[in-house]
Amino acid sequence: MPPRAALMNLLTQLRGLFEPVLAPHAGDPGKLADYLGMIRPAANPDHGDYQANFAMPLAKATGKKPPELAKEVVAALPANDLVESATVAGPGFINLKLKSDFLAAAVRGVATDPRLGVPPADPPKRYVIDYSSPNVAKPLHVGHLRSTIIGDALARVLRFQGHTVVTDNHLGDWGTQFGMLIYGYRNFLDQAAYEADPVRELARLYVHVRNQFKQGDDEDEGPTDDPVKKACQEETAKLHAGDPANLALWNQFMPHCLAEVQAIYDRLGILPFDFEHGESFYNPMLQGVVDDLIATGTAAVSQGAVVVPNAAGKVPTTPEELKKEEPPAIVRKRDGAFTYTTSDLATVRYRVEHFRPDAMLYVVDFRQALHFKTFFAQARRMGYDRVELTHISFGSVLGENRRPFATRSGGVPELGRLIDEAVQLGLAKYEESYESRKASGHDVPDLTDAVKRDIAEAVGVGAIKYGDLSQNRTSDYVFSYDKMLATEGNTATYMQYAYARCCAIFRKENVDPARFRSDPPAVVLAEPAERALALQLLRFPEAVDAAAADYLPHLVTGYLWDLAKSYSVFFESCPVLKAPSPELRDSRLLLVDLVARVIRQALDLLGIRVVERM
RNA sequence: GCGCCCGUAGCUCAACUGGAUAGAGCACCCGCCUUCUAAGCGGGUGGUUGCGGGUUCGAGUCCCGCCGGGCGUACCA
């Protein structure tokens, strides 16, 4: 058994060390937690490994001088085997350097831990995550990318922490798009093509019908003078009214539509959803939701529609109010149809009853912020006020021209094509790199075409996902193959390459890594690069915690970048197989194995594959 | 009109939510392959954090006002 301490993250341990010393100064426990929170990784490595910034505010609260208080606290720290030095600097910063022996022992402990030092969540919570949510009647496009991969990454991170996560894909399976498919099927079907490849033919029909719409018109509901669009809306209305023929077609189409979406999910490495309860699933419940809202007096009739109040609890009616106030949310339109607010309210009720979650996360782009604000407020009014409701908002994917990403012809790029392109470029990169490395006499593995294609797939798909996940999700980002497929910098390729270099060491002399996990040798941290790498390895739990706490996957990529850089430095300066002594060789092999495991695990949290050779 | 978000190096982005001298990558310049993959490593140039006030020991971060941009503003989702 590794020492218990090794399974806690470094920050937690440091805070634990300061807690008893700080408690008498801090006053109430809430403040204490704030002050402990001011212990953090050093911003500048010259200042040590960690730094504590609580002395300034604490001194202010107690009327002391910050440096003196800092010195007092340092002097009162209990004896421990963790901190090498704690020095007071500047206006009262405490710079902390950890003992190398401690780091070495901790790394050795982590080596035996399948969780790589990440403590199980305590207590574990139940999450429902709603993401991807495509219209299944048409091909996935770039607009679905972020929700899908951010949601998938969050599900992976929270599950890895030990939480229970229910993933639910709120499919758009009941909208106008199905009227379009039905209309297309009735009027433009190529029967032979449909029998041969129904998915492809349905996709063709969708595009074909879409192209019949007048220029500039969209698929939205609402009055139209476009005859084709009108016909599609009528087919949709018949479907919703329960028309047997249309319903039969819908049932016939659905498996094919789902298969098409699933093919993309498979390629992107998206975990299977626990549920795919789409609009059609909630449709029967909508009337009941509205009835209840009316019965309880929460809903009001306004301008012929049934509405619920805005987040401020008001239903603006006069022109002045309408100008200033946020609008109410419509739960039943004048024409009797329900809206996505109705559906979302039904969904909350269903999920609370069936899953009993502590939190529900909606991974949806930022433009729907107002909808979620209004809808969450209403859900709380309905008594769902003990469940965390969070809109995991994200920015737009832009083209190189900083406008919403589009194809040259102006259309919305299909996801499948984007992946194809990235994979093809990934393959070209590989060939290029292979040639240049070979020309310089490097020991590049010769690979079969099948293996190369596999590498290209991992690199290409990884590039798209990492390129996205490495951005702060709240900001827009520019979709650029050049940037995401770069071999330098904070990219998937760099991480995958670092992983492959780890594998190469073990492969070279056919070393079995099992021993480093079950019966780890002593770890020696003599070189600066070894120490820095060990510290980085031990920070993995911090990164996972931080990413989960604010639902920010880019904190995992930031960590990976630091780790992989540390490894590259180590790789350059510390021979492993030809280490100066057998002890050092063993120690370094352990480090390399652990680096490989952490990189693989961290990439897995992002849903990105590794390959053994590149 | 009102509301939300954004503005950081030539470009693309960080900055652990108020901490020390604002960091990376690309691009540009210089250097490193008879030792495990050079898709690598080291060094250098580059900043009035849109502008102006304020809050305080300390502001890219918080507050106010401008300028510029994106998005949203009841019957699409």
Side-chain angles (χ1 to χ4, degrees), chain A residues 38 40-44 46-47 51 53 56-57 59-60 66 89-93 95 133 135 172 175-176 218-222 279 302-305 307 310 315-316 322-330 332-335 337 339-341 343 364-371 373-374 393 395-396 402 429-430 432-434 436-437 440-445 459 470-472 474-478 480 482-483 486-491 493-494 496-498 500-501 503-509 542-543 546 549-550 552 554-555 558 561 565 568-569 571-573 575-578 592 613-614:
Chain A
M38 294 178 190
R40 54 176 54 175
N44 180 341
D46 294 343
H47 297 145
Q51 63 182 64
N53 301 338
M56 285 81 80
K60 181 161 192 150
F93 296 105
N95 292 331
S133 311
N135 285 315
T176 320
D218 56 26
E219 298 152 22
D220 292 353
E221 304 283 349
E279 294 167 348
S302 175
Q303 301 179 19
V307 304
N310 63 21
V315 179
L322 286 165
K323 245 184 184 177
K324 286 195 149 177
E325 300 266 352
E326 290 167 358
I330 291 175
R332 191 170 66 204
K333 305 195 293 190
R334 200 176 313 165
D335 67 5
T339 68
Y340 70 147
T341 300
S343 174
V364 181
D365 92 81
F366 73 104
R367 287 173 300 193
Q368 293 194 33
L370 180 57
H371 162 68
K373 185 179 174 188
T374 312
S393 167
S396 304
R402 303 226 55 133
K429 281 259 180 191
Y430 173 79
E432 196 182 307
S433 160
Y434 174 87
S436 94
R437 281 183 285 172
S440 309
H442 292 291
D443 187 13
V444 197
V459 166
S470 59
Q471 308 286 324
N472 185 328
T474 59
S475 49
D476 296 346
Y477 82 97
V478 174
S480 156
D482 275 352
K483 191 188 169 198
T487 54
E488 313 91 354
N490 187 8
T491 61
T493 316
Y494 185 93
Q496 288 165 326
Y497 180 67
R501 294 218 287 188
C503 294
I505 291 176
F506 282 87
R507 190 169 51 238
K508 182 91 175 176
E509 291 186 10
E542 292 172 22
D550 292 322
L552 292 172
H554 84 286
L555 297 179
W561 171 229
K565 266 191 298 188
S568 289
V569 174
F571 187 90
E572 297 285 332
S573 57
V576 177
L577 295 171
K578 293 180 181 164
V592 173
R613 300 160 213 257
M614 286 180 79

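So you know, we letter chains A, B, ... as the sequences are listed, proteins then strands, and number each from 1.
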Subject >> Residue met sooner reading RNA chain B from 5', once A504(A) and P57(A) are mapped to nucleotides >> reply: P57(A)
Original post:
Which residue lies toward the 5' end of RNA chain B, V315(A) or A43(A), if each is placed at its nearest nucleotide?
Top reply: A43(A)
Original post:
For H47(A) and rA20(B), do the ring centres fall under 5.5 Å apart while the planes stay under 30° apart?
Top reply: yes
Original post:
Does the side-chain ring of Y497(A) lie flat on the base of rG40(B), meaning centres under 5.5 Å and planes less than 30 degrees apart?
Top reply: no
Original post:
Between S480(A) and D482(A), is any side-chain donor less than 3.5 angstrom from a side-chain acceptor?
Top reply: no
Original post:
Hey, is rU17(B) sitting syn or anti, using the within-90° cutoff around 0?
Top reply: syn
Original post:
Taking syn as any angle within 90 degrees of 0 and anti as the rest, which one fits rC32(B)?
Top reply: anti
Interface polar pairs with nucleotides 29-35 of chain B, N/O, under 3.5 angstrom:
from, atom 1, to, atom 2, distance (Å)
rC33(B), N4, S440(A), OG, 3.0

Can you tell which of [options] lies closest to the side chain of [X]?
X	options	value
K60(A)	rC57(B), rC36(B), rA74(B)	rC57(B)
I330(A)	rA74(B), rA20(B), rG40(B)	rA74(B)
L370(A)	rU37(B), rA77(B), rU73(B)	rU73(B)
V307(A)	rA74(B), rG42(B), rG19(B)	rA74(B)
Q471(A)	rC57(B), rA14(B), rA20(B)	rA14(B)
A89(A)	rU56(B), rA20(B), rA77(B)	rA20(B)
S475(A)	rU56(B), rA14(B), rA20(B)	rA14(B)
P328(A)	rC13(B), rA74(B), rU37(B)	rA74(B)

How far does the [atom1] atom of [N] sit from the matching atom of [M], given to the nearest Å?
N	M	atom1	result
rG10(B)	rG47(B)	C1'	12 Å
rA20(B)	rA59(B)	P	10 Å
rC2(B)	rA74(B)	C1'	15 Å
rG60(B)	rU21(B)	C1'	15 Å
rA14(B)	rG53(B)	C1'	28 Å
rC29(B)	rG18(B)	P	41 Å

Which atom pairs link the protein and nucleotides 22-26 of chain B when you take only N or O atoms and keep those under 3.5 Å?
from, atom 1, to, atom 2, distance (Å)
rA24(B), O2', W561(A), NE1, 3.1

Original post:
Do any side-chain nitrogens or oxygens of S568(A) fall under 4.0 Å of OP1 or OP2 in rA38(B)?
Top reply: no
Original post:
Is any side-chain N or O of K373(A) closer than 4.0 Å to OP1 or OP2 of rG3(B)?
Top reply: no
Original post:
Quick one: CD on Q51(A) to CE on M38(A), what's the gap to the nearest 0.5 Å?
Top reply: 12.0 Å
Original post:
Can you list the stems that include RNA chain B, where a stem is three or more consecutive Watson-Crick or G-U pairs with distances under 3.5 Å?
Top reply: B:1-7 with B:67-73, B:10-13 with B:23-26, B:28-32 with B:40-44, B:50-54 with B:62-66
Original post:
Between the side-chain atoms of S302(A) and the base atoms of rA74(B), is any donor-acceptor pair under 3.5 Å?
Top reply: yes
